[in-house]
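In the text below, chain A, chain B and the rest are named by the order of the sequence lines, each starting its count at 1. Hydrogens, waters and symmetry mates are skipped; everything else that's a heavy atom, side chains included, is used.
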Amino acid sequence: MSKKTLVIGGGIAGITAAQKIAQNGGEVILIEKEAELGGNFAKLAFTFPVLGDAKALVAKEIDSVKSAATVEILTHTVLQSCQGSAGDFTVELKTATGTRTENVAAIIVAAGFHYMEPTAYTEYSYGRSPKVVTSLEFEKMAAENRLPQGKARVAFVHCVGSRDKAKGYRYCSKICCSYSAKHAIMMKKANPESLNYVFYIDIRALGKGYEEFIRLAMEEYNVRYIRGRVAKVIESEQKLLVRAEDSLIGNPVEVEADLVVLASAMEPPEGSRELAGVLGIATDEYGFFQEAEANVRPVNSSKPGIFLAGSCTQPMEIAASVAMGGLAASEALTLIK
Amino acid sequence: MPRPDKVAQIPKPEQIFFFKSCVASNKYPGIESCGWDSLEILGVQPVDSDEQTCCGGFVTFANVAAPTASMPAVARNLSLAEEKNLDTCVLCNGCWTFLNEFGHFMNHNEEVKGSVNMMMNMMGREYKGTSNVYHIAEMYYRLKDDIAKNVKRPLKGVKVATHYGCHYLGGGKYTAIDDAQMPTYMEELIEIMGGTVVPYTANRECCGTGFTQIINGKDLSLEHTQHKLDSVKEADPDLLIVQCPYCHSQLDRVQQQLNYRQAAAYETPVIHITQLVGLALGLAVPKLAFAAHISGRKRLEDVLDRIGR
Amino acid sequence: MLEQVKDWDDDFYEKFKPIAMGFVNEAEKCLQCGKCTGQCPAAAVTPSYNPRKIIRDLVNGNLKRVFSSVELWQCFFCSGCYSVCPMDINFPFFVFMFRLAAMNEGYGWEDVKQLEGYAEKDYLKKGITVSTFERNPEAMETVGDISKIRMAAGLPPERKVSDRGLAEINMISDLSGMTSFMKKIGGVELLDCKTCDDAQMKRCKNKPLPAKVGKIKTKLRFYNYGEPGGKAHAEA
């Protein structure tokens, strides 16, 4: 009988799960399909609602898991097949150099999420104007000091792909309200002359410090919050015309913007249904991995011995992913002790 | 960008039922003659019937009559094409939406279709729902290779701006051949015919006819149209292309009205996509019927002088 | 003014759905996000017009406000709202049905009366809604005789709809209640039965011809959704 645990995904949930198992004396194989660990966390500049240095925070966690003696990290690696049952799975891994078969007692799926590519949102001129970017691209621009200079107007658009039956998903992506506030603050900090507008439908900032964070953006950083989903972004000369209704007043408004940031939806990781097929576990209607019971068994998949962690189950913030990684680790430990 | 799957669904028939438009027939006959002749050149024989009425569309039916009257009127016109076993080609966004929406509705509602057919039967007709309705602009896009082969009068050096109009792309969110927000098929056609596309900011704005607003709320209608025309004027195209005779009428005539009311100087010729294709395919100048146009007549003549009469 | 929620018609929406023949539905899916109003050409020139608010009143059952409003008559029917709606709500259809319902309650007839002229004089008499008639003297002068232009383009001087076609649309109008509705709006003279052929005469229910009736008083409408705005109002 194997005593190992396979962790799929080297984002913050997977890293946390691997660390916790190792700290409790378990052996882990941590596989990551990309070249580096860190997942989506590593693509950010700052965290919220506390503006922490994301790169430093994630680097610390990566170092810690890398230094754990009983964690074997395989990058450029994906799961190819999986047989067996709880306590005795045979998995075949496709690594950078070939394939490899392992016997593991438990599997933790921490496959993360994907930021939706808003290509369907032609009304926002995405893909046509270089000045219309996704929030992820904004993070990159911020990291590379490429944010607009001078008296620039920047519009942040909520719910691009979320709460949209026609072009996206019906669910709420949960974190966009907060990260858009973070982006507006980042923008104002980087360029105090900038004027920032956030277009929202409802503000969903639940959790300790979140409401205060949104208020901080409004009160300290003079971010203008306009209630109304952006209808159109029209290219005009050197500017972008952002049209929306200010629905609290009931008037259509137009902002002449220099940059438009689309808060694109969090969607299931690419290939989530295929991965679920290989593992023999269930997904929900969108392709997120389905938990056995939403309230008291959030990390149990539909199959014993396979556990779920992080944003591959639903849109969630970093703290929740870490918590879920820890719980998944403790479930896996019950199978190897 | 055009949707290839939708384009592929459009047939290349030998014959097609040619559904005429009220504005095209009575205000801008060039749309009708160019539509007919260009289809012939492109290898599709249009078929007429003098029993077709105008769609009655938005002016009559959306206000004066309930769907109980509009449904049979649509069914009657479509049954004329069905009798000939043909699909229908329309010249107007309004006709397209009106025939399509109501046809679609009847096809998916047996009860309504049954009661419509009771009325049809009294006239000795039947509505089956077998004739598909295509806009002539989407037919052109389907036949773009044939257009390219038949260009006799290349639009070299002609600056062309587009206006897609609302009812085809907006109402056809899921059925039109292109995206409602960022359509490009007319631009592609213009380039195929050798013209130069001129972008302008208010491209996707409505023409302002609002089919009833020009009659009932004229001030609002003019204000909106002026907003559009200002943007067009800034880009200064030689021609503004529409695919809907009603937009055509609004954009052409309102220029003159604004010039009269405000001593403005709007002088952009507005022509229908059929006339542009007719122009490129080398139809004789009287066939284009530019004499029926009101604004930018001089500039139209200049264009003809440049590309040859 | 304080609004009494108990005055709303709680089940109006559910009752209206079947009456509206399937043209009014999915309103309950509305998120009130305002994307419709943000792109609306009518709202851009007259800010009190607001599709979002009208949908809200429909779902809440505050129909009095919708029907008695001026705004109901300001839609351009461009379908832009439908094209961007994240919930695929086809709002122009709502307006279409609301206008009919409002007319039933006695609102908006003065607007429709002008359009009724097209239906009566052009559509039902000639089969073509827009005639060659030119109201604008400058346009008339510039264009001249449209029949000559038609002939030069290789078309018959006048587009004509066959007698059978005309008889059939008149029959549709009679049987569907359109004729009697137009009669109510004020003054209809229609084609007589002389144009029907024998076969149609046999099938047709023999109906007395509608007579001309006098003007109808219509109820007053109000700007129920805010300040009318727009250039015209700003100047006034």
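- Listed options B:P67, B:A66, B:A180 were ranked by heavy-atom pairs under 4.5 angstrom with chain C; first place goes to B:P67.
- Side-chain contact check for C:R99 versus C:W73: some heavy-atom pair is nearer than 4.5 Å.
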One pair to check against ring pair (Phe, Tyr, Trp, His ring centres under 6.0 Å): B:H248 and B:H163. What are the steps and the verdict?
CA-CA 9 Å; B:H248 192 301; B:H163 168 73; over 10 Å; no
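- Contacts of C:V84 with chain B are made by both backbone and side-chain atoms, with heavy-atom separations under 4.5 Å.
- Contact of C:M97 with chain B is made through the side chain alone, with heavy-atom distances under 4.5 Å.
- Chain C forms the most heavy-atom pairs under 4.5 Å with one residue out of B:S21, B:S295, B:G172, B:C166, and that residue is B:C166.
- One finds a salt bridge joining B:R125 and C:E168 here, because a Lys/Arg side-chain nitrogen approaches an Asp/Glu carboxylate oxygen to under 4.0 Å.
- Looking at residues two or more places apart in sequence or on another chain, you find a ring pair (Phe, Tyr, Trp, His ring centres under 6.0 Å) between C:F23 and B:F102, B:F105, C:F93.
- Within residues 140-147 of chain C, the residues that have a heavy atom under 4.5 Å from a heavy atom of chain B are C:T142, C:V143, C:I146, listed by number.
- In this structure, B:K20 pairs ionically with B:D48, as a charged nitrogen and a carboxylate oxygen lie closer than 4.0 Å.
- For the options C:A152, C:C78, C:P92, heavy-atom pairs under 4.5 Å to chain B are most numerous at C:C78.
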List the steps and the verdict of side chain to side chain contact (heavy atoms under 4.5 Å, CB included) for C:R150 and B:S25.
CA-CA 8 Å; C:R150 277 184 63 92; B:S25 298; 3.8 Å; yes
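- Closest non-hydrogen pair, C:S48 versus C:Y225, comes out as O-CB, 3.2 Å.
- Annotation: maximal heavy-atom pairing with chain C below 4.5 Å, among B:R204, B:R253, B:E205, B:E111, occurs at B:R253.
- Contact detail for B:M123 and C:R164: the closest heavy-atom pair is O-NH2, 2.9 Å.
- Contacts between C:I172 and chain B at a heavy-atom distance below 4.5 Å involve backbone atoms as well as side-chain atoms.
- The existence of a salt bridge linking C:K126 and C:E158 is excluded, since no basic side-chain nitrogen approaches an acidic carboxylate oxygen closer than 4.0 Å.
- Contact count versus chain B (heavy atoms, under 4.5 Å) is highest, among C:V95, C:D122, C:N136, for C:N136.
- For C:Q74, the parts sitting under 4.5 Å from any heavy atom of chain B are the backbone and the side chain alike.
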